[in-house]
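Input: a single structure, listed below in structure tokens.
As a basis for the values below, the full set of heavy atoms in this structure was taken, side chains included, without hydrogen atoms, waters or symmetry mates.
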Amino acid sequence: MFQDCSSQIRFNPPALFYGVAACDLDRDGAFELFVCGFRGSNRVLKWDGQTLVDQADDTLADAGRMAIGVAAADFDGDGQEELYVLNTDTFGGRKRFGDRLFDWQGSRWVDLFSLPQNQDALNLTAGRSVACVDRLGQGSYGFFVANYGGPMRLYELGPNQMIADVAPEARLNRVTGGRGLVAVPLVSQRMDIFAVNEQGPNFLFRNRGDGTFEEIAAEVGLADPDEHGRGVAAVDLDGDGRLDLLYGNWEGPHRLWIQTPSGFFKDVAPPELARPSRIRTVIAADFDNDGYP
């Protein structure tokens, strides 16, 4: 049975909160929850033994921005996670509020995009999702951004410690109505990227192992060009050791794609799951503790 434990959030006013990342922001070995605030402050919720307490400082709270997505990864190789916060103040195309890339530097959080050498790389296109990607399989993470009405981005830290958008060289700079993202070894032994999109087909970027990707969604049956994707999750739903995909389409049939031995994906969503609705987010987990997602 599920229990509503919302009262354990010490201060929980009504607001628009979108993305969440679980990460160790204070480096004490325990996770905190970074919660995106849209037209309000971001929050950092930490368990104090009895309740979840907001510990966001002014920098991370970033009041007045419009955060809609977040991802955490060790971007600069220092052994600590950085935070990419995606801000979106318009539906698509050009936006006013740039994204943030927060890095802990000794005694304070610094937005790396605010540094003079990185301002030319700032993402000023409306986006919907951000994911961590290790494209070379060497433990070096970048942040992939699903933009809406502008090229998708893949930010990595160069040898000169400058942020660079490497999406063009990685063959990822597609323009579409980007929505949900998942980055996992889906059809290769490295991190592939599956992107559900609106107003156009989905993308499946297969990792070629040389730092570049090839888009193969139509080849494996995942393009779904007439629907409008939203949330997506990757999970082995049939226990065959291959990852499958579950995602929602806005006011369209939701999908449960099983990966077959041939590499083609087959939609096996039962009517109860496929029934169209206004969906935003999809989560797959073993909620009833029976050993199956």
Side-chain angles (χ1 to χ4, degrees), residues 2-48 51-75 80-89 97 99-104 109 111 123 126-133 141-146 148 155 178-184 193-196 229-235 246-248 278-287 293:
F2 286 98
Q3 286 185 301
D4 182 3
C5 300
S6 304
S7 62
Q8 292 182 319
I9 303 174
R10 182 173 297 177
F11 179 63
N12 192 18
L16 294 176
F17 296 114
Y18 280 93
V20 178
C23 43
D24 182 9
L25 295 176
D26 60 6
R27 299 155 302 284
D28 69 347
F31 287 132
E32 292 78 49
L33 299 173
F34 181 94
V35 184
C36 295
F38 188 83
R39 294 198 183 99
S41 297
N42 303 319
R43 308 190 72 189
V44 176
L45 300 180
K46 184 175 182 62
W47 184 250
D48 69 357
T51 58
L52 287 165
V53 181
D54 184 7
Q55 294 193 339
D57 63 12
D58 289 344
T59 301
L60 291 185
D62 209 12
R65 291 270 169 150
M66 298 183 180
I68 200 169
V70 60
D74 185 1
F75 180 72
Q80 299 176 354
E81 292 169 306
E82 284 68 51
L83 279 175
Y84 192 108
V85 181
L86 175 61
N87 291 294
T88 291
D89 55 75
F97 293 129
D99 300 342
R100 302 290 202 189
L101 210 175
F102 292 118
D103 176 35
W104 179 257
W109 290 96
D111 172 25
N123 180 37
R128 293 296 186 274
S129 297
V130 56
C132 311
V133 178
Y141 286 90
F143 291 106
F144 183 72
V145 183
Y148 198 112
Y155 287 111
R179 287 286 183 172
L181 289 175
V182 63
V184 291
I193 303 169
F194 180 62
V196 291
R230 288 296 193 271
V232 57
V235 61
L246 172 67
Y247 66 82
R278 292 185 171 185
I279 194 168
R280 292 285 188 187
T281 301
V282 173
I283 299 172
D286 181 9
F287 287 107

Between [X] and [Y], which heavy-atom pair has the shortest distance, and what is it?
X      : Y      : answer
Ala234 : Val182 : CB-CG2, 3.9 Å
Thr88  : Ala126 : CG2-CB, 3.8 Å
Tyr141 : Cys132 : CD2-CB, 4.1 Å
Leu181 : Ile193 : CD2-CG2, 4.2 Å
Ala183 : Val133 : CB-CG2, 3.8 Å

Which residues pass the salt bridge (charged side-chain N to carboxylate O under 4.0 Å, His left out) test with Arg39, not counting sequence neighbours?
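Per chain and number, Arg39 pairs via salt bridge (charged side-chain N to carboxylate O under 4.0 Å, His left out) with no residue.
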
Counterpart residues, side chain to side chain donor-acceptor pair (under 3.5 Å), relative to Asp103 (two or more places apart)
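Per chain and number, Asp103 pairs via side chain to side chain donor-acceptor pair (under 3.5 Å) with Gln105.
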
With a cut-off of 6.0 Å (strictly less than), are more than 12 heavy atoms of other residues, nucleotides or ligands near CZ of Phe287?
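Above 12, so yes.
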
Does atom CZ of Phe38 have more than 12 heavy-atom neighbours, drawn from other residues, nucleotides or ligands, at distances under 6.0 Å?
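Atom CZ in Phe38 is crowded, with more than 12 foreign heavy atoms closer than 6.0 Å.
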
Is there side-chain contact between [X] and [Y], with heavy atoms separated by less than 4.5 Å?
X      : Y      : value
Val232 : Val282 : no
Asp74  : Glu82  : yes
Arg128 : Val196 : no

Listed partners of Trp104 passing ring pair (Phe, Tyr, Trp, His ring centres under 6.0 Å), at least two apart:
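Trp104: ring pair (Phe, Tyr, Trp, His ring centres under 6.0 Å) contacts with Trp109.
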
Taking ring pair (Phe, Tyr, Trp, His ring centres under 6.0 Å) as the test, write out the residues that go with Phe143, two or more places apart.
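So Phe143 forms a ring pair (Phe, Tyr, Trp, His ring centres under 6.0 Å) with Phe75, Tyr84.
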
Should Leu52 and Gln8 be marked as a side chain to side chain contact (heavy atoms under 4.5 Å, CB included) after you check the CA-CA gap, both sets of side-chain angles, and the distance that decides it?
CA-CA 6 Å; Leu52 287 165; Gln8 292 182 319; 5.6 Å; no

Interatomic spacing from [atom1] in [X] to [atom2] in [Y] - rounded to 0.5 Å:
X     : Y      : atom1 : atom2 : result
Glu32 : Asp54  : CD    : CG    : 11.5 Å
Trp47 : Ile9   : CH2   : CD1   : 10.0 Å
Leu86 : Asn123 : CG    : CG    : 7.0 Å

Start with the C-alpha distance between Asn12 and Arg43, add both sets of side-chain angles, then the distance that settles side chain to side chain contact (heavy atoms under 4.5 Å, CB included), and finish with yes or no.
CA-CA 10 Å; Asn12 192 18; Arg43 308 190 72 189; 4.2 Å; yes

What pairs of donor and acceptor atoms, side-chain ones from residues 17-25 against any protein atom, are under 3.5 angstrom apart with sequence neighbours left out?
from	atom 1	to	atom 2	distance (Å)
Asp24	OD1	Arg27	N	2.9
Asp24	OD1	Asp28	N	3.2
Asp24	OD2	Asp28	N	3.3
Asp24	OD2	Gly29	N	2.8

Does Pro293 offer a backbone N or O that forms a donor-acceptor pair with the side chain of Asp286 under 3.5 Å?
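Checking the backbone N and O of Pro293 against the side chain of Asp286, no donor-acceptor pair under 3.5 Å is found.
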
Under 3.5 Å: donor-acceptor pair, side chain of Asp111, backbone of Leu101:
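At least one qualifying donor-acceptor pair exists.
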
Scan the side chains in residues 58-70 for donor-acceptor partners under 3.5 Å anywhere in the protein, sequence neighbours excluded, and list what turns up.
from	atom 1	to	atom 2	distance (Å)
Asp62	OD1	Arg100	NH2	3.1
Asp62	OD2	Arg100	NE	2.9
Arg65	NH1	Gly98	O	2.7

